[in-house]
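Here the structure comes first, spelled out in structure tokens, and everything after it is commentary.
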There are 2 protein chains.
Amino acid sequence: MSKTTIVNFNDLKIACENCSLSRLCLPMGLEQSDIERLDQIVSRSKPYHRNDYLFREGDTFKGIYAVKTGSIKTYVSREDGSDQVLGFHLPGEIIGLDAIEAGVHGCTAKILETTAVCLIPYEKLEKLSVEIPSLQHQMFRLMSREISNESNMLILLGKKNADERLATFLLSLSQRYKQRGFSSQEFNLSMSRNEIGNYLGLAVETISRLFTRFQDEGILKVERKHVELLDIEALKRISSHCSQNDSSSKSSASI
Amino acid sequence: MSKTTIVNFNDLKIACENCSLSRLCLPMGLEQSDIERLDQIVSRSKPYHRNDYLFREGDTFKGIYAVKTGSIKTYVSREDGSDQVLGFHLPGEIIGLDAIEAGVHGCTAKILETTAVCLIPYEKLEKLSVEIPSLQHQMFRLMSREISNESNMLILLGKKNADERLATFLLSLSQRYKQRGFSSQEFNLSMSRNEIGNYLGLAVETISRLFTRFQDEGILKVERKHVELLDIEALKRISSHCSQNDSSSKSSASI
DNA sequence: TCGATTCATTGACATGCATCAATAAATTCG
DNA sequence: CGAATTTATTGATGCATGTCAATGAATCGA
């Protein structure tokens with residue numbers, strides 16, 4: 001039943017100082033000796049599997065999680081039973097920072113594909129941050145980044161049309177995979193069309209149609225979960241709604 | 001020309017420990033002695049006036065600001081020249097936390113009405129946070145709250161219709177005014193219809209029509225900038241799109 | 001104080017995307 | 001393996017909200 005193998009069990013044991021993600025993750029910018037101290041409060045999880053919950057809305061907040069491998073979606077449930085996807089989280093990304101104030105999680109974190117995480121218990125982290133100023137500094141930076149990222153989502157949801165939203169989303173994934181040493185041109189979507197649509201404030205059908213159209217236009221190739229971005233420049237143009245003209249054709253507005 | 005009077009000049013000089021906003025603001029939960037230390041790094045501004053900039057996108061980040069009186073909007077400019085309003089900030093609220101990581105402001109803060117702020121220089125604040133664990137704690141809480149508030153905006157922009165958006169917005173103002181000791185039923189909007197629409201991802205005309213309709217339905221009274229909420233329960237029902245029926249009438253959908 | 005500008009309101013009309021529906025393809029599970 | 005379920009695709013249609021336009025009200029600036 002267990003999918004644990006010797007290989008990924010070894011992965012899980014890696015200390016922060018040896019972790020390939022340390023450059024993106026909480027230890028970013030810390031000195032070796034400080035990383036070692038941080039490492040001692042971190043606990044590494046056994047793998048979670050698709051549809052497991054890392055935590056659920058209302059759960060007591062124990063600490064923040066760093067994604068090690070795999071991917072996770074966070075979402076909030078609404079009174080009427082519908083959900084709003086808040087984000088998709090890749091290796092090196094931290095989740096749970098929103099729960100510090102309330103002491104309980106305000107969203108649910110659900111596993112999209114087999115995933116390992118590190119738990120950094122919050123009380124210990126806070127104590128350590130007093131002792132290690134550069135850790136406090138790093139926490140402030142991390143939280144600040146999360147806050148400043150918000151404006152991109154507000155622009156996306158407040159101003160962008162469907163084409164721009166999907167293009168922006170794909171470019172974000174592409175760029176994040178690149179940072180993590182994966183291909184920026186080709187990757188697998190660990191989330192469904194439904195989840196993408198939910199996240200982007202669009203209907204599933206719209207996502208589906210857009211994938212089809214982008215493919216017809218030669219911007220990408222999509223086969224189920226697998227996406228290949230054929231024309232990243234075009235996607236960039238679309239995402240910031242510069243006139244999406246390729247050198248060749250006038251935009252649809254001119255007809 | 002200057003609107004400064006003896007009264008508000010005195011207001012400006014108030015130390016954190018005597019400030020009526022300390023309960024909402026950065027000093028929240030700090031001990032007297034710690035507040036005094038915080039107080040020593042805070043600098044109080046002279047009043048800013050409508051359309052002044054507190055800071056602009058790209059400005060070097062000096063520190064975070066606490067609104068003391070008045071109100072401020074923050075927004076980002078897009079490549080095509082349009083703006084996205086990120087928020088409206090009332091007394092006791094902190095702005096600038098998003099700039100910690102980048103070291104430059106990623107948004108512009110523009111004064112909506114005569115406003116005084118406190119500047120908390122960031123380097124000093126960070127140093128002090130190492131010395132005063134409860135200040136560090138408070139900073140983490142503050143940033144966490146900002147992060148968790150994001151989900152409300154994502155729900156609003158991702159899932160809510162125009163009625164729900166405006167109702168949610170008015171209730172948010174109402175509740176924030178209440179916390180600050182003002183009436184929750186009656187207040188002045190310091191922002192234009194345009195700015196409300198921009199913030200909520202709606203056209204000005206839609207905002208205007210909604211105000212008219214809400215007024216016709218007896219939910220509120222609006223006269224230019226002045227708003228009186230006559231039926232807060234109805235607004236709550238609308239904002240979470242429970243069937244918006246008052247006991248009396250069927251919703252418009254039933255005709 | 002008056003003209004210019006900005007802001008708000010209202011109506012007519014257009015459209016982007018949601019919704020509904022049908023089907024197909026993939027995945028799950030007994 | 002085959003039935004049941006979930007997920008994805010595609011088409012037809014409708015509606016909420018945007019856009020355009022006209023007017024009036026308020027505010028600003030000289």
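Here is the naming used below: chain letters follow the sequence lines, and residue numbers restart at 1 for every chain.
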**Q.** Euclidean distance, atom CG of residue A/L210 to atom P of C/dC17 [Å, nearest integer]
**A.** 8 Å
Q. OP1 or OP2 of C/dA8 less than 4.0 angstrom from a side-chain nitrogen or oxygen of B/K225, does that happen here?
A. yes
Q. Does OP1 or OP2 of C/dA18 have a side-chain N or O of A/T206 closer than 4.0 Å?
A. yes
Q | Selection: residues 192-200 of chain A, any non-hydrogen atom under 4.0 Å of DNA chain C | A | none
(Q) Base of C/dC17, side chain of A/E205 - is there a donor-acceptor contact under 3.5 Å? (A) no
Q. Can you check the B/M191 CE to D/dT27 P distance for me, whole Å?
A. 16 Å
Q) Do B/H89 and B/T74 meet the criterion of a side-chain donor-acceptor pair at a distance under 3.5 Å? A) yes
Q.
In whole Å, I'd like the distance from the CZ atom of A/R209 to the C1' atom of D/dA8.
A. 11 Å
Q. Toward the 5' end of DNA chain D, which comes first, B/R165 or B/R50, by nearest nucleotide?
A. B/R165
**Q.** Approximate separation, where rounding is to 0.5 Å, of B/Y75 OH and B/F88 CZ
**A.** 12.0 Å
Q) Got a sec: does the NZ of A/K225 have more than 12 other heavy atoms crowding it under 6.0 Å? A) yes
Q. Once you round it to whole Å, what is the distance between P of C/dA18 and CG of A/N161?
A. 11 Å
Q. In whole angstroms, how far is the P atom of C/dT10 from the CD1 atom of B/I207?
A. 14 Å
Q) Where the side chain of B/L202 is concerned, which of C/dC17, D/dG18, D/dT9 is the nearest nucleotide? A) D/dG18
Q) Rounded to whole angstroms, how far apart are CG on B/N51 and C1' on C/dC7? A) 13 Å
**Q.** Cationic tip of A/R56 above A/Y53 ring, under 6.0 Å, 45° of axis
**A.** yes
**Q.** A/H105 and A/F55 aromatic ring geometry - parallel, tilted or perpendicular at 30°/60° bounds
**A.** parallel
**Q.** Euclidean distance, atom NZ of residue A/K160 to atom C1' of C/dG16 [Å, nearest integer]
**A.** 17 Å
Q.
Reading DNA chain C from 5' onward, which residue's closest nucleotide shows up sooner: A/A162 or A/R224?
A. A/A162
Q. Relative to A/F182, does A/K178 satisfy both conditions: NZ or CZ under 6.0 angstrom from the six-membered ring centre, and within 45 degrees of the ring's axis?
A. no
Q. Between D/dT17, D/dG18, C/dA8, which one does the side chain of B/S208 approach most closely?
A. C/dA8
Q | Exercise: do B/S82 and B/D80 side chains pair donor with acceptor under 3.5 Å | A | yes
Q. Once you round it to whole Å, what is the distance between P of D/dC28 and NE2 of B/H49?
A. 13 Å
